[in-house]
Amino acid sequence: MRLAPSPIAFRVNGADVAVEAPPMARLSSVLRDRLGLTGTKVGCDAGDCGACTVLVDGQAACACLVPVAQAAGAEIRTVEGLANGALSALQEAFLRHGAAQCGICTPGLLMAGTALLEANPHPTEAEVQDALGGVLCRCTGYRKIIAAVMDANADSPPSDRPEGGAFRSIVGARIPRLDGRPKVLGTEMFGADERPAGALSVLVIRSPHWHAEFAFGDIAGFVAAHPGLVAVYTAADIPGRNRFGVIPPFADQPALAQAHARFRGEAVALVAGEPDAIAALDPAGFPVEWKPLPHVLDCEAGKAAPPLHEARPGNLLVAGRVVRGDAEAALTASAVTVSGAIETSHVEHAYIEPEAGHAFMDGDTLAIKACTQAPVMDRDDTAAVLGLPPEKVRIVPTATGGGFGSKLDVSLQPLIGLVALKTGRPAALAYTRAESMASTTKRHPARMQATIGADADGRVTGMVFDGDFNTGAYASWGPTVASRVPVHASGPYFTPAYRAEARAIHTNGPISGAFRGFGVPQAAVMQETLYDELAGRLGIDRLEFRLRNALRNGQPTVCGQVMEAGVGIADCLEALKPRWAQALVDAEAFNRGNGTVRRGVGVASCWYGCGNTGIPNPSTMKLGITADGRVILHQGAVDIGQGSNTVIPQICAEALGLPLEAFGFVGGDTALTPDAGKTSASRQTYISGKAAEKAGRALRERILRFANVSERAELSLDGGSIVVREGAASRRIELASLPADEEGYVFRAEETYDPPTAPLDENGQGRPYAVYGWGAQVAELEVDRTLGTVRLIRITAAHDVGRAINPLLVEGQVEGGIAQGLGMALMEEYVPGRTENLHDYLIPTIGDVPEIETILVEVPDPEGPFGAKGLGEHVLIPTAPAILNAIRHATGALVTRLPATPSRVLAAIREAGR
């Protein structure tokens, strides 16, 4: 007779526990699945990301690497144990400094920081970097995390969040995140943190080949041979259209491939079963036979290969084109021309939260709770795949642990939806790290060539740009990249003659989709490195050359668009002048005394159109006041860390004239909130913010009209009453005495904003965007010319945000974008089939990000809410070219393939003969 194992006893957050679990079970799984302590997050199950960091007898440890048997008798502390009735000093500091963005890594950082502060209450920056170096963050850029840890035990200044019932201006205030407390408490619910009772687990069978035909064997026998399995589903079981895509005319990706897999990691079948059965299942035993086919992984080979999709000869998905004037003639007439070529690599989004969620039937409606950036798009695609009307699919976004574009595409939603629909039982799925990296989208690799000319006075005369962008096996956002790149490839400069073409080419590589900038960061590397070369040929200071050519109000863009106000690039460059001058002096002084290690300084600029390119892009916000005096904002703009849950309410409250404390919120839920559009393209603050401003103003107007007072009147809430004051007179509106609508609102407003744009013609002329963001950065670094290593010293970033609705969150976006740009420049290279983890795929750690100075430039745009412009995408764009230009300044060598790894830096130095 086999005896059951004895319970393993230990203490968790001061309480004795005893669990029955296999001795080698991961402590992280035991904490989450058996004890319900989901504040301990799981991002890799390999000790690479540190999100699962807990304290074991006071020492920080990755819980995913600790066998539960090793915890016997130990004292375990998780993030849930930090707050004893009140937030800990470190949790408060995280809120005060804006150190939590999406929040998925926050518990691990808090635990590592707590261990440090208990041993060393006043650490230095180097000590913080050392102690927190094992925890990765993809959102923040780490600088505010460092500041929070160093400030935790100092006297803390009070927040300037408004208190009490009186209204004061809150646009422009450094208000801590309204959704910040759950992030620091560990109670924020991400996709893998909730699992309904009785839920089936789902395993996805994926292609191990780049290109293959396949056939299934005895599926019924496979299910029968594995107790606990419930069913296997293939493409034959999909009841609707087995095809999805973010751009409907280009929708081409099957939810489950049918007999033909086009990339490594493509889903071909689902296995549904009880959790223990799925956990024990070896997918290698699944009955499928593969016939590998020839494959291509780069654009040149793709253009010569048989088409992956019959209607796309030459594997050309789409080409984008912008032509203005005669660029070739302008170049011929130029005093100086420069030409070059740049190649960039696949870049992985590397959000710390892999895709996760669950589906269940709610009556005759399929409900899906999962991480996402685009709930309405998820609903529509999932409904089409499953053969359901859209109103019979409800998407409820969970907290999303980073997205950066990849979580715009559906991933597991139709898969878990299919299982729930077929079985009637809830179905849950959390991707492994390897599964996430193999199957989801990447930044487009690009091969680009360009020529730029200037006259003898340093004025740009013309430019020609040409680029192939590897879009992988399916369309995803390839059409958007191909159309957006030619619009932006000139940079934020007046370019009177211009021709640019970008092509999205199919290969059998990973699907390339949206990633913070939609191809513009790649194009900026091409253009900005040539601008440095032009300035050098002309003998003009590099920043001065950019100022001389910076686009101004009243000048046409390469699309012929003329903006009479709001063009802020010159203001950004002017703001950088003092640091630029000092950095050059410092570099010259340093280099006089050093031969091997050389210091360099680089500059680069950017512009970025906010929202969709020349097509409708609406957002709708709904706002109401209840009979008991609550202001409810239905806000469907998904917050993936960028701060829309705070910024949009700030805008709305300012427009309405009531304090934020009066507001309650209904978050993104396709059954409860209007469509605010997708969280991408730096559109939410501008477009959804404008809709919120309109809704706030409309509701205010209705209240004032009801009270028969002028626009100058002031509003306040007093219990269930609105008090309206104008001068010395006041009136009290008793809300309970008024009739309420079906949602319980006595006053309500719903408003939509769609930016005024115009479609581009065959030459790319038109009004692609109503609002642009502008920015420029200076990078200071040192290069070891014998090792090829690069050490960043400082980045100074000046970004025009129109109006900083919340400067604290703006700074966080700038720092986070710079960290991702740093990674693109120096270390990040996704190699399909080889770097499907966070050990081999390198992203910046807390020790890699240098000091960052953020200069907020505010050139109001008449379209934006209170003058605000988008920010999230364009902060990344100048970083990589500024770094490459600084490397060339230090060494005389330009690295022409990103990332600039030590071997490529050395090769460039050798080629330049330096």
Side-chain angles (χ1 to χ4, degrees), residues 4-83 88 90 103-119 130-137 184-188 190 192-193 195 201 275-276 278-280 352-354 356 401 430-436 837-840 845-846:
S6 299
I8 300 170
F10 49 96
R11 288 174 62 81
V12 178
N13 299 328
D16 292 320
V17 300
V19 296
E20 294 184 0
M24 295 305 293
R26 300 177 190 272
L27 178 60
S28 54
S29 297
V30 170
L31 291 171
R32 290 174 55 81
D33 301 338
R34 296 174 186 262
L35 300 178
L37 297 172
T38 56
T40 300
K41 307 304 181 185
V42 175
C44 66
D45 267 342
D48 295 328
C49 74
C52 65
T53 298
V54 299
L55 302 189
V56 180
D57 290 332
Q59 301 297 309
C62 287
C64 72
L65 298 182
V66 178
V68 67
Q70 191 173 310
E75 177 72 44
I76 309 296
R77 289 172 66 195
T78 72
V79 67
E80 290 91 345
L82 293 183
S88 73
L90 184 56
I104 191 70
C105 66
T106 302
L109 289 161
L110 285 168
M111 299 315 297
T114 296
L116 169 65
L117 292 173
E118 288 179 349
D130 184 59
L132 275 63
V135 185
L136 296 177
C137 175
V184 300
L185 287 169
T187 56
E188 187 84 287
F190 294 87
D193 291 342
R195 184 185 179 99
S201 290
D276 289 345
I278 293 295
I352 305 303
E353 178 205 27
Y431 283 5
T432 65
R433 173 57 56 184
E435 187 175 23
S436 174
N837 57 64
L838 294 175
H839 177 76
D840 296 309
T845 68
I846 198 169

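Scope of the values below: all heavy atoms of this structure, side chains included, with no hydrogens, waters or symmetry mates. Bear in mind the structure is a predicted one, so any value in this text is a computation, not a measurement.
- Summarising the geometry, atom CG belonging to L110 is positioned 6.0 Å from atom CG belonging to L82; distances are rounded to the nearest 0.5 Å.
- Taking all atoms of both residues into account, the shortest heavy-atom contact from A112 to A131 is CB-O, 4.0 Å.
- Of all heavy-atom pairs between A61 and V66, the closest is CB-CG2, 4.2 Å.
- Summarising the geometry, atom CD belonging to Q59 is positioned 13.0 Å from atom CD belonging to E75; distances are rounded to the nearest 0.5 Å.
- Applying the side-chain contact (heavy atoms from CB on, under 4.5 Å) test to C52 and every residue at least two apart in sequence or in another chain returns S28, T40, C62, A63, C64.
- Evaluation of the salt bridge (charged side-chain N to carboxylate O under 4.0 Å, His left out) rule for D193 yields R32, K41 as partners, not counting sequence neighbours.
- Contact detail for G108 and V135: the closest heavy-atom pair is O-CG2, 4.0 Å.
- N837 contributes atom CG, which lies 12.0 Å from atom OG of S436 (distance to the nearest 0.5 angstrom).
- Pairing each heavy atom of I104 with each of P107, the nearest pair is O-CD, 3.8 Å.
- Here the side chain of D16 pairs no donor or acceptor atom with the backbone of R11 at under 3.5 angstrom.
- The shortest heavy-atom contact between V79 and G186 is CG1-CA, 3.7 Å.
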message: What verdict does the side-chain contact (heavy atoms from CB on, under 4.5 Å) test give for F10 and V19, after you've listed the backbone C-alpha separation in whole Å, the side-chain angles of each residue and the deciding distance to 0.1 Å?
response: CA-CA 9 Å; F10 49 96; V19 296; 3.9 Å; yes
field: Derivation of the side-chain contact (heavy atoms from CB on, under 4.5 Å) call for T432 and D45
entry: CA-CA 8 Å; T432 65; D45 267 342; over 6 Å; no
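- Residue-environment remark: CD (E118) exceeds the threshold of 12 foreign heavy atoms within 6.0 Å.
- Counting heavy atoms from C-beta on, the side chains of R195 and P275 come closer than 4.5 Å.
- With rounding to the nearest 0.5 Å, the separation of CG in L838 from CD1 in I352 is 6.0 Å.
- Within a 6.0 Å sphere centred on CG of D276, heavy atoms belonging to other residues, nucleotides or ligands number 12 at most.
- Of the possible donor and acceptor atoms, one in the side chain of R34 sits under 3.5 Å from a partner among the backbone N and O of E20.
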field: Residue pair V42, R26: steps toward the side-chain contact (heavy atoms from CB on, under 4.5 Å) verdict
entry: CA-CA 11 Å; V42 175; R26 300 177 190 272; over 6 Å; no
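- The nearest pair of heavy atoms linking P354 to Y431 is CB-O, 3.3 Å.
- M111 CE to T53 OG1: the interatomic distance, rounded to the nearest 0.5 Å, is 9.0 Å.
- One finds the CG atom of L185 at 9.0 Å from the OG atom of S88 (value rounded to the nearest 0.5 Å).
- Taking 4.5 Å as the limit, some side-chain heavy atom of T114 sits within range of a side-chain heavy atom of R77.
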